[in-house]
There are 2 protein chains.
Amino acid sequence: MNLSPLNERFVLHFGEMGSRWGVNRTVGQIYAVLFLSPEPMNADQIVDALGISRSNVSMGLKELQSWRLVKLIHQAGDRRDYFETPKDVWEIFRTLAEEKRKREIEPTLTLLRDALMETPLDEAERHAQQRMREMHQLIELATGWFDEVQRLSPDTLENLMRLGARVQKVLEFASFLRPGKDGKD
Amino acid sequence: MNLSPLNERFVLHFGEMGSRWGVNRTVGQIYAVLFLSPEPMNADQIVDALGISRSNVSMGLKELQSWRLVKLIHQAGDRRDYFETPKDVWEIFRTLAEEKRKREIEPTLTLLRDALMETPLDEAERHAQQRMREMHQLIELATGWFDEVQRLSPDTLENLMRLGARVQKVLEFASFLRPGKDGKD
DNA sequence: TCGAATTTTCAGAAATTTCTGAAATATTAA
DNA sequence: TTAATATTTCAGAAATTTCTGAAAATTCGA
């Protein structure tokens, strides 16, 4: 691996984390290298940095593009493909959330909706459906909320997060806004 | 697999999803079976339901316990260990978030903090550190906020989520609460 | 159109992860 | 205690995933 010690540790760590996030080690490493790089990199530069095969890099980049975590760009007067990661970490966070949603949440919601349409055959199925209903409600609520939050501008979003300990206080106002619906505490 | 068609589809789906969440298929399936079951189950019942080996079930249950996603309980007059999943889906969500944090976020923060302590040797390292700093800030902000939200009661939390489209409006009040610090929009 | 440069594909090899059965260990009722 | 019951461990087998090199496909300047 052809990286400074500082970068190497980061890249190795992201390799490990990658596997926990549903991509393989190499894909995590390619992302990490691009994330740290001051300039876009082409595939051969990544091969050189990580010491893996050219074809592996090609497949990894495909995967990262499908996650919209890297962008393909061209340099003037150079036929090769260059890649970079979006600069804004907020944007990255958002993209990741959207993709996770598309790949994990939506299929689960579809499954749950289908299951809830069926007529339970016995007491066990009735109970199973009740559990699925609870899960469905939780996911709908959480993702619906996430949608709303995501619709905010990055500034507003950062703002919201910085509120921190004030959430409680804000909720008091919120309940004031909608008398009779929430306002439990 | 010894399950009603309704339950089988759910269990298979959770097997697939499990692998995307850092546990293997079997672990996901064991969790799903327990989640749907009206009563706690012992290991042999799980073997029967899923058609996998006893030892595999034993290992899977260990893993799920380490995630605090299943609880070990005992039935009066029965030596065998029984398992169940926590009833409240909110609690499950919270537990999962805590464990993910401990296993993924904290190690990453530690790595980033260490890297940021080092003196950059050249321009490339200076840039890499700057990227790491941005990532560090984002994670600190997001998890700090998550901590605050998590401290709320489940009722309040549900409340907060139901606010949905009101977040924008609430923020106006929030900025009013802290004049001069936020209030950008 | 040709051909050099570049990227992608894919079959099989290599590595890793998961799973099993058998043996070891632990628990408890009698 | 002992013996029956229950759980865990773990080495090797099986399955799956990842990786590579070679070949195929694509792109584009001349």
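Chain identifiers are assigned alphabetically (A, B, ...) following the order of the sequence lines, protein sequences preceding nucleic acid strands; residue numbering begins at 1 within each chain.
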Donor-acceptor list for residues 41-48 of chain A side chains, cut-off 3.5 Å, not counting sequence neighbours:
from   : atom 1 : to     : atom 2 : distance (Å)
N42(A) : OD1    : D44(A) : N      : 3.0
N42(A) : OD1    : Q45(A) : N      : 2.9
N42(A) : ND2    : Y82(A) : OH     : 3.2
Q45(A) : OE1    : N42(A) : N      : 2.8

Sequence-distant partners of [X], salt bridge (charged side-chain N to carboxylate O under 4.0 Å, His left out), two or more places apart:
X: R20(A); answer: none
X: E91(A); answer: none
X: D122(B); answer: none
X: E16(B); answer: none

Original post:
Hey, does the side chain of S58(B) come within less than 4.0 Å of dT7(D)'s phosphate (OP1/OP2), counting only N and O?
Top reply: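 Checking dT7(D) against S58(B), no side-chain N or O comes under 4.0 Å of OP1 or OP2.
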Side chains of residues 21-35 of chain B: which donor-acceptor pairs under 3.5 Å do they make with residues two or more places apart or in other chains?
from   : atom 1 : to      : atom 2 : distance (Å)
W21(B) : NE1    : E104(A) : OE1    : 2.9
N24(B) : OD1    : T26(B)  : N      : 3.0
N24(B) : OD1    : V27(B)  : N      : 3.0

Original post:
For T110(B), what residues pass the side chain to side chain donor-acceptor pair (under 3.5 Å) criterion, not counting sequence neighbours?
Top reply: none
Original post:
In chain order, what residues pass the side chain to side chain donor-acceptor pair (under 3.5 Å) check against S66(B), with sequence neighbours excluded?
Top reply: R103(B)
Original post:
When you look at Q129(B) and R126(B), which way does the side chain to side chain donor-acceptor pair (under 3.5 Å) test go after all the steps?
Top reply: CA-CA 5 Å; Q129(B) 266 193 346; R126(B) 207 182 323 280; over 6 Å; no
Subject >> DNA chain C contacts among residues 64-80 of chain A, heavy-atom distance under 4.0 Å >> reply: R79(A), R80(A)
**OP:** Return the value, rounded to whole Å, for the distance between atom CD1 of I46(A) and atom P of dT6(C).
**Re:**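 Roughly 15 Å, once rounded to whole Å.
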Original post:
Going 5' to 3' along nucleotides 18-24 of chain C, which nucleotides have protein heavy atoms under 4.0 Å from the base (write B), which only from the sugar-phosphate (write S), and which from neither (write -)?
Top reply: SSBB---
Got a list of side-chain donor-acceptor pairs under 3.5 Å for residues 5-13 of chain A, not counting sequence neighbours?
from   : atom 1 : to      : atom 2 : distance (Å)
R9(A)  : NH2    : E118(B) : OE2    : 2.8
H13(A) : NE2    : T108(B) : OG1    : 2.8

Original post:
Which parts of residues 28-45 of chain B get close to DNA chain D, meaning a heavy atom less than 4.0 angstrom away?
Top reply: none
